[in-house]
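Following: one structure in structure tokens, then a few remarks.
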Protein chains: 2
Amino acid sequence: MRGRPTIYEDSNIIKKAQEVFWQKGYSATSLSDLQKATGAGAGSFYNTFKGGKKEVFQKAVQERRLAFTSFQNELSNSESPLELIKDFFRSIAKADQNEHLKGCIIANTVVEMTFIDEDLESSAVQILKEVEQMFTEVIKSEQLKGTIKTKTAPEILGKYLITFWCGLNTLRRMYPDENVLKDQIEMQLAVIS
Amino acid sequence: MRGRPTIYEDSNIIKKAQEVFWQKGYSATSLSDLQKATGAGAGSFYNTFKGGKKEVFQKAVQERRLAFTSFQNELSNSESPLELIKDFFRSIAKADQNEHLKGCIIANTVVEMTFIDEDLESSAVQILKEVEQMFTEVIKSEQLKGTIKTKTAPEILGKYLITFWCGLNTLRRMYPDENVLKDQIEMQLAVIS
DNA sequence: TTATTTTTGTAATGATTGATACATAAATAA
DNA sequence: TTATTTATGTATCAATCATTACAAAAATAA
């Protein structure tokens, strides 16, 4: 292949940009912030991402979506997928202070982008709905197996869990404290049993 | 009193500014946006609020806090405060599309301001904690009265409700639909009984 | 070598940001 | 009336915004 070799890999720019977006959100992150974080100057930046800031944000969000897809794979190989989901919630309590304050970039995006950018907002909403659907399906199957006694509709319980996820996104910032969060998470998970 | 009479009342500027902040958040709202919404030019604006944009945002948030204080008064005069709280949650489902998308300005602020402005973030967190405490106290008293059977600690149930409130803040944007929200709210309120 | 291609770094773009300067308007007090 | 005070409207500020322009760098192909 011809041309000057690439120093700043697309994937690396996205990763570094994601870190900044995750903390500061979309509007409060400047191109200057991104250039500092990625090391890439304006030349490389716009050569790689013609769509500029917005394209990189979209890709940072989609990058996060991959983590979810990967979790979905774990689920399908698991013997007790519900326990996997519960353990995932439980693991949140153990995160460090900074992770608590960062929260979930997808949930953050829904809140920030609602009247600002419809594309960014709706793609974040879609991801949350996919996660919700995953919750719902696992619950439905465990109800059939009889592992879950509650007869509440799986669609309601799936929405309950995604609501919890989004609520936890703020509770973590109010109380970035393992002990507080641990008790809350156990209490809310007990509803699904 | 001497001097040219005031056209743009402080309280009116704050109200109009709050509408914009509520929709667009802090960072994405420009002084130009505020001037259009309030009618006040830069002269009046900075004459009234020496602290500029940030001071007005603080006051818009505190203005919202008054709505909460007023609800607290209703509560203390009520014979069944828990039912009042539940009805408040139930009323959320009936809001119109735009209100759903706006969500709660306090919860929004916690998410947006975390790494941006510590003053604004922590004052929003404090308000959420006050609301949580109100929940907790009502639950505690109803447990003593025997109206609530659940023996779960009132502190846990209070945090459960504030977590629900913040989760609903995002669920409403995913499903700005009365029927969907109604069922979810009933399901989550049923936990406190 | 030379031509071609791609990336990089830097300088500049015009627009917008939040905030200030300041003259004028419009009231009251003396 | 005249002096004083306060609010308003407009012009302007430097800083920053996202983006573009473009020449130099650094590789391969011919």
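For clarity, every value in this text was computed on a predicted model and none was experimentally measured. Note on naming: letters A, B, ... go to the chains in the order of the sequence lines (proteins, then strands), and numbering restarts at 1 for each one.
Taking atom CD of residue A/E9 and atom P of nucleotide C/dT7, one finds them 11 Å apart after rounding to whole Å. The nearest whole Å value for the distance from the CD1 atom in A/I13 to the C1' atom in C/dT7 is 11 Å. Look at CD on A/E55: it is 11 Å from P on D/dT19, rounded to the nearest Å. Taking atom CG of residue B/D10 and atom C1' of nucleotide D/dT6, one finds them 13 Å apart after rounding to whole Å. One atom, CZ of B/R4, and another, C1' of D/dG9, lie 8 Å apart when rounded to the nearest Å. Atom CZ of A/F49 is separated from atom P of C/dT6 by 17 Å (rounded to the nearest Å). The CG-C1' distance, from B/N12 to D/dT8, rounds to 16 Å in whole Å. The OH atom of A/Y46 sits 17 Å away from the P atom of C/dT13 (whole-angstrom rounding).
The pair B/R173-A/E121 does not count as a salt bridge, with every side-chain nitrogen at least 4.0 angstrom from each carboxylate oxygen.
The aromatic rings of A/F71 and A/F88 are tilted relative to each other, their planes meeting at an angle between 30° and 60°.
Looking at A/T147, its side chain never comes within 3.5 Å of a backbone N or O of A/Q143 through a donor-acceptor pair. At least one donor-acceptor pair closer than 3.5 Å links the side chain of B/N108 to the backbone N or O of B/C104. Listed for the A/E142 side chain is a donor-acceptor partner under 3.5 Å among the backbone atoms of A/L82.
The number of heavy atoms from other shown groups lying within 6.0 Å of NZ (B/K182) does not exceed 12. Residue B/R90 qualifies as enclosed at atom CZ: its count of foreign heavy atoms under 6.0 Å is above 12.
A centroid separation of less than 6.0 Å is found between the aromatic rings of B/F89 and B/F164.
Defining each end axis of the helix from C/dT1-D/dA30 to C/dA30-D/dT1 as the rotation carrying four pairs' C1' atoms onto the next four, with five pairs an end, the two axes are found to diverge by 10° to 10 degrees.
In this structure, B/G3 and B/G51 both approach DNA chain C, and ranking their closest nucleotides by distance from the 5' end singles out B/G51.
Tested against A/T38, the residues A/K15, A/E9, A/K16 include a single side-chain contact (heavy atoms from CB on, under 4.5 Å) partner, A/K16.
Closest approach to the A/K53 side chain among D/dA7, D/dT19, C/dT8 is made by D/dT19 (side chain taken as heavy atoms from C-beta onward). In this structure, the nucleotide among D/dA26, D/dT28, D/dT8 sitting nearest to the side chain of A/R2 is D/dT28.
Residues from residues 25-45 of chain A that place a heavy atom under 4.0 Å from any atom of DNA chain C, listed by number: A/A42, A/G43, A/S44.
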